[in-house]
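One-based numbering, in listed order, for ligands and for the atoms of each.
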Amino acid sequence: MASLPVVAIDGPVGVGKSSVARRIAERLGFLFLDTGAMYRAVTLKFLELPEHERTDERLAALGESLDIELANDGTVLLGGRDVTLDIRDERVSRAVAIAADSRAVREALVRKQRAIGSARPCVMEGRDITTVVFPDARWKFYLDASARVRAQRRVDQLQAMGKEASFASIHRDLVERDARDRAREWGALSIAADATVIDTTEMTEQQTIALICAIVAPA
Ligand code: DC
């Protein structure tokens, strides 16, 4: 069977997967799917429940019934409500492991991701796309960069927005999230044996995009 026209991209937190994946999707005319947004959306819904209703059963049901629309420009609609900013809230970021560590949620979201990626060409990014969701994707990439460089990029982004940023606390947070993503029982972040590893430590975003596009759609 021919492999699916999916560009699967995995990598650690803060490596720039979303931004790179979105621009590649634009260039190729493919759908862009940020799977982290799906885990964030389930988490947001869960946090909106009254505390006594936050059970494993409700969590699993939220994964199963998730009514989410992800636009190529990054807009996220949940049951028609625009939650683009809400899902990036610090409260959701701190709690997102609730959804990402749940096997029931992962199974439900992986099913949705496979349905989307099987329907049309897409660029899909996350932690387990090359290993679990689409191990048979036509193109598989693992983006990497040292934790220090990823932390510094985040500091630069925040400062450019006029926000305060502490390198030490951002670096610590990033290392903790990496460890958690790598230790997850199901869908852990790992490098697929047949993925192309791109170390972006010394690369600009433009160079990374150009390299991936040259592999996916050689001139
Ligand atoms: O990429 P992100 O930071 O928006 O992802 C949010 C969380 O979801 C993060 O803790 C890792 C998790 N995640 C995952 O477990 N599997 C994916 N395919 C995508 C994200």
Side-chain angles (χ1 to χ4, degrees), residues 6-25 31-47 59-60 62-63 66 68 70-76 78 83-117 122-135 137 140-145 147 150-151 153-154 157-158 170-192 195 200 205:
V6 171
V7 182
I9 305 178
D10 286 324
V13 59
V15 76
K17 299 181 298 290
S18 288
S19 165
V20 162
R22 175 176 299 120
R23 293 198 166 82
I24 292 168
L31 183 78
F32 161 59
L33 194 78
D34 165 3
T35 60
M38 299 172 85
Y39 289 92
R40 287 173 178 275
V42 171
T43 306
L44 177 67
K45 284 286 238 185
F46 190 71
L47 294 176
L59 180 63
L62 288 177
L66 191 69
I68 191 168
L70 296 148
N72 264 29
D73 69 358
T75 304
V76 180
L78 207 47
V83 296
T84 313
L85 296 179
D86 299 324
I87 61 164
R88 306 281 160 205
D89 195 82
E90 196 44 42
R91 193 163 153 259
V92 172
S93 297
R94 261 187 274 115
V96 72
I98 294 172
D101 287 348
S102 156
R103 180 167 194 166
V105 170
R106 296 204 78 88
E107 284 176 352
L109 296 191
V110 166
R111 235 179 291 124
K112 288 182 203 296
Q113 291 155 10
R114 285 187 181 144
I116 294 167
C122 79
V123 183
M124 195 175 295
E125 61 92 356
R127 306 293 192 286
D128 59 348
I129 312 306
T130 59
T131 53
V132 175
V133 183
F134 283 112
K140 295 164 67 166
F141 298 94
Y142 185 93
L143 296 192
D144 213 350
R150 287 182 279 136
R153 285 177 187 164
R154 184 74 190 132
Q157 271 172 2
L158 289 169
I170 288 174
H171 182 262
R172 189 174 349 108
D173 182 55
L174 202 138
V175 169
E176 271 169 26
R177 289 176 63 192
D178 276 358
R180 184 146 202 160
D181 283 345
R182 292 196 172 102
R184 187 159 286 129
E185 198 168 346
W186 307 283
L189 174 67
S190 68
I191 307 178
T200 70
E205 188 174 284

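- A salt bridge links R150 with D178: the closest approach of a Lys/Arg side-chain nitrogen to an acidic carboxylate oxygen falls below 4.0 angstrom.
- Atom CZ of residue R184 and atom CG of residue D101 lie 4.5 Å apart, to the nearest 0.5 angstrom.
- At a 4.0 Å heavy-atom cut-off, ligand 1 does not touch R180 at all.
- Contact check for T43 versus L62: no side-chain heavy atoms found under the 4.5 Å cut-off.
- Judged purely by atom type and a 3.5 angstrom limit, D10 uses its side chain to pair as donor or acceptor with the backbone of T130.
- Taking atom 8 (O) of ligand 1 as the reference point, the nearest protein heavy-atom neighbour is Y39 CB, 3.7 Å.
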Exercise for the section: List the steps, then state whether side chain to side chain contact (heavy atoms under 4.5 Å, CB included) holds for M38 with L33. Expected result: CA-CA 9 Å; M38 299 172 85; L33 194 78; 4.3 Å; yes

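- Among all protein heavy atoms, the one lying closest to atom 4 (O) of ligand 1 is R40 NE, 2.7 Å.
- The shortest separation from a heavy atom of V13 to ligand 1 is not under 4.0 Å, leaving the residue out of contact.
- Heavy-atom contacts of V96 reach the following atoms of ligand 1: 7 (C), 10 (O) (cutoff under 4.0 Å).
- Salt bridge D34/R22: absent, no basic N to carboxylate O contact under 4.0 Å.
- In this structure, CG in D173 is found 8.0 Å from CD1 in I170, a value given to the nearest 0.5 Å.
- Within the listing of ligand 1, atoms 15 (O) sit less than 4.0 angstrom from a heavy atom of R184.
- Here CZ of R106 is found 8.0 Å from CD of Q113. Values are rounded to the nearest 0.5 Å.
- When only non-hydrogen protein atoms are considered, atom 1 (O) of ligand 1 lies nearest to R127 NH1, 2.9 Å.
- Selection from V133, T43, T131, D181 by nearest heavy atom to atom 11 (C) of ligand 1 gives D181.
- For ligand 1 and A100, the ligand atoms under 4.0 Å from any heavy atom of the residue are 12 (C), 15 (O).
- Here the shortest heavy-atom distance to atom 19 (C) of ligand 1, taken over L109, V110, V132, T35, belongs to T35.
- Atom 5 (O) of ligand 1 has its closest protein heavy atom at G36 CA, 3.6 Å.
- Distances between N or O atoms of D34 and those of ligand 1 include no value under 3.5 Å.
- Taking each of R177, R88, K17 in turn, the one with a heavy atom nearest to atom 3 (O) of ligand 1 proves to be R177.
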Exercise for the section: Check the pair E107 / R103 against salt bridge (charged side-chain N to carboxylate O under 4.0 Å, His left out), numbers first and verdict last. Expected result: CA-CA 6 Å; E107 284 176 352; R103 180 167 194 166; 3.0 Å; yes

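- Looking at atom 16 (N) of ligand 1, its nearest protein heavy atom turns out to be R106 NH2, 2.9 Å.
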